[in-house]
Amino acid sequence: MNRKVQNIVWHESSITKQERRGLNKHHSFILWFTGLSASGKSSVANALARALHEQGKQAFVLDGDNIRHGLNKDLGFNEQDRKENIRRIGEVSKLLVESGQIVLTAFISPYREDRELVRALVSKDEFIEIYVKCSIEECEKRDPKGLYKKARNQEILHFTGISAPYEEPLNPEIVLDTEVLSIDECVSTLINALTKKGFI
């Protein structure tokens, strides 16, 4: 037996997920934003979080760069570390869903297998994959952090879209084309979709 999992027993919470949802007056779930660097994931997620907050909803953004400053600061960007990065985020997201919150995650999360692993952690109605669609050409034009330029100069290794793969979602619940839609239009699209589902 693996020693790491010995003598560990799950302790049930005295407050259920349903009770927390009742207090918050809304469903709790994960909005998983995936897309290339500079596609607009963080911008849209944060704008949506603000809109939800103004509606009195409990929403929290987990951002790729921010998480790597703390929880995942020990991880690099090779394939194995990227997978572990997403696994940890999935587990944190699951805890936040249990707490009754709307979780908005903004991660490149380049591998379909990893995104599906997170989907499998929660119930069917607790995970919405949002593909923030933007061409590599447009992302390179934007390049707000100068990362594409560094990747082209081989100053950054394992950079998604340049020296590492990105696997587009096959059946995302929502697609946001940020070459066509503004941030406000993306937020409106998401609010309408969530309202229609009865999630908010």
Side-chain angles (χ1 to χ4, degrees), residues 30-51 59-93 96 102-119 127-190:
I30 301 167
L31 292 170
W32 191 276
F33 293 83
T34 178
L36 294 170
S37 179
S39 60
K41 299 180 300 300
S42 294
S43 297
V44 174
N46 277 282
L48 177 60
R50 168 55 61 181
F60 193 81
V61 177
L62 295 174
D63 178 81
D65 282 356
N66 292 357
I67 291 294
R68 283 182 176 273
H69 274 87
L71 177 66
N72 291 347
K73 67 181 180 181
D74 60 321
L75 299 177
F77 289 91
N78 59 46
E79 183 174 347
Q80 182 178 350
D81 281 1
R82 283 176 178 269
K83 287 180 175 294
E84 176 60 13
N85 182 53
I86 298 307
R87 188 196 70 79
R88 291 183 192 178
I89 295 311
E91 293 291 351
V92 171
S93 298
L96 289 172
I102 299 169
V103 191
L104 301 89
T105 70
F107 295 86
I108 293 171
S109 47
Y111 302 111
R112 293 187 192 111
E113 179 183 19
D114 299 337
R115 299 192 298 265
E116 289 306 307
L117 182 147
V118 177
R119 184 189 291 273
F127 186 93
I128 297 174
E129 186 176 43
I130 301 167
Y131 177 29
V132 184
K133 184 178 180 181
C134 189
S135 68
I136 186 74
E137 293 79 13
E138 178 60 25
C139 289
E140 281 202 72
K141 285 179 187 176
R142 296 175 182 178
D143 203 14
K145 302 171 187 175
L147 299 179
Y148 283 97
K149 184 177 180 181
K150 288 182 179 179
R152 291 294 186 188
N153 292 333
Q154 299 183 343
E155 296 173 45
I156 300 177
L157 302 178
H158 311 294
F159 191 79
T160 305
I162 304 296
S163 52
Y166 177 74
E167 298 173 358
E168 294 184 7
L170 297 177
N171 296 295
E173 280 77 8
I174 299 171
V175 178
L176 299 174
D177 188 340
T178 57
E179 287 188 66
V180 175
L181 300 174
S182 67
I183 291 176
D184 286 345
E185 288 171 330
C186 288
V187 169
S188 294
T189 298
L190 292 168

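Side chains included, hydrogens not; waters and symmetry mates left out as well; all remaining heavy atoms used.
Residues I30 and S93 come closest through the heavy atom pair CD1-CB, 3.6 Å. Listed here is the closest heavy atom pair of A49 and L104: N-CD2, 4.0 Å. Taking every heavy atom of both residues into account, I162 and E140 meet most closely at CD1-OE2, 4.1 Å. Shortest non-hydrogen contact noted between E185 and L181 is OE1-CA, 3.3 Å. Here the closest non-hydrogen pair linking A38 and C139 is CB-O, 3.7 Å. The minimum heavy-atom distance between L176 and V44, with the atom names listed, is CD1-CG1, 4.0 Å.
A side-chain N or O of S135 and one of E179 form a donor-acceptor pair less than 3.5 Å apart.
Atoms CD1 and NZ, from I130 and K41 in turn, are 12.5 Å apart once rounded to the nearest 0.5 Å. We find the OG1-CZ distance between T105 and F33 to be 8.0 Å, quoted to the nearest 0.5 Å. A distance of 10.5 Å separates NZ of K150 from CZ of F159, quoted to the nearest 0.5 Å. To the nearest 0.5 angstrom, E129 atom CD is 9.5 Å from W32 atom CH2. Atom CG of N78 is separated from atom CD of E84 by 11.0 Å, given to the nearest 0.5 angstrom. Rounded to the nearest 0.5 angstrom, L36 CG and I108 CD1 are separated by 7.0 Å.
Note that R68 lies in the cation-pi zone of F77, set by a 6.0 Å cut-off to the ring centre and a 45° limit from the axis.
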task: List the steps and the verdict of side chain to side chain contact (heavy atoms under 4.5 Å, CB included) for L62 and L96.
output: CA-CA 10 Å; L62 295 174; L96 289 172; 4.1 Å; yes
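Residues satisfying the ring-ring contact (aromatic ring centres under 6.0 Å, His included) criterion with Y166, sequence neighbours excluded, are absent altogether. Residues that satisfy the salt bridge (Lys or Arg N to Asp or Glu O under 4.0 Å) test with D114, not counting sequence neighbours, are K83. Applying the salt bridge (Lys or Arg N to Asp or Glu O under 4.0 Å) rule to E116 yields the partners R119; only residues at least two apart in sequence or on another chain are considered. Listed by chain and number, the residues in a ring-ring contact (aromatic ring centres under 6.0 Å, His included) with Y131 amount to none (sequence neighbours excluded). Every side chain to side chain contact (heavy atoms under 4.5 Å, CB included) that K141 has, sequence neighbours left out, goes to E138. Scanning for salt bridge (Lys or Arg N to Asp or Glu O under 4.0 Å) contacts around K133 gives an empty result, with sequence neighbours left out.
Judged by distance alone, the side chain of R82 and the main-chain N or O of H158 form a donor-acceptor pair under 3.5 Å. In this structure, Y148 contributes its side chain and S37 its backbone to a donor-acceptor pair below 3.5 Å. Of the possible polar contacts, one joining the D143 side chain to the K149 backbone as a donor-acceptor pair under 3.5 Å is found. Between the side chain of N153 and the backbone N or O of E155 there is no donor-acceptor pair closer than 3.5 Å.
Contact check on E91 versus R88 returns no salt bridge, with no Lys/Arg side-chain nitrogen under 4.0 Å from an Asp/Glu carboxylate oxygen.
V118 is not listed as a side-chain neighbour of I89, based on a closest heavy-atom distance of 4.5 Å or more. Annotation: side chain of L190 is not in contact with side chain of L31 (no heavy-atom distance under 4.5 Å).
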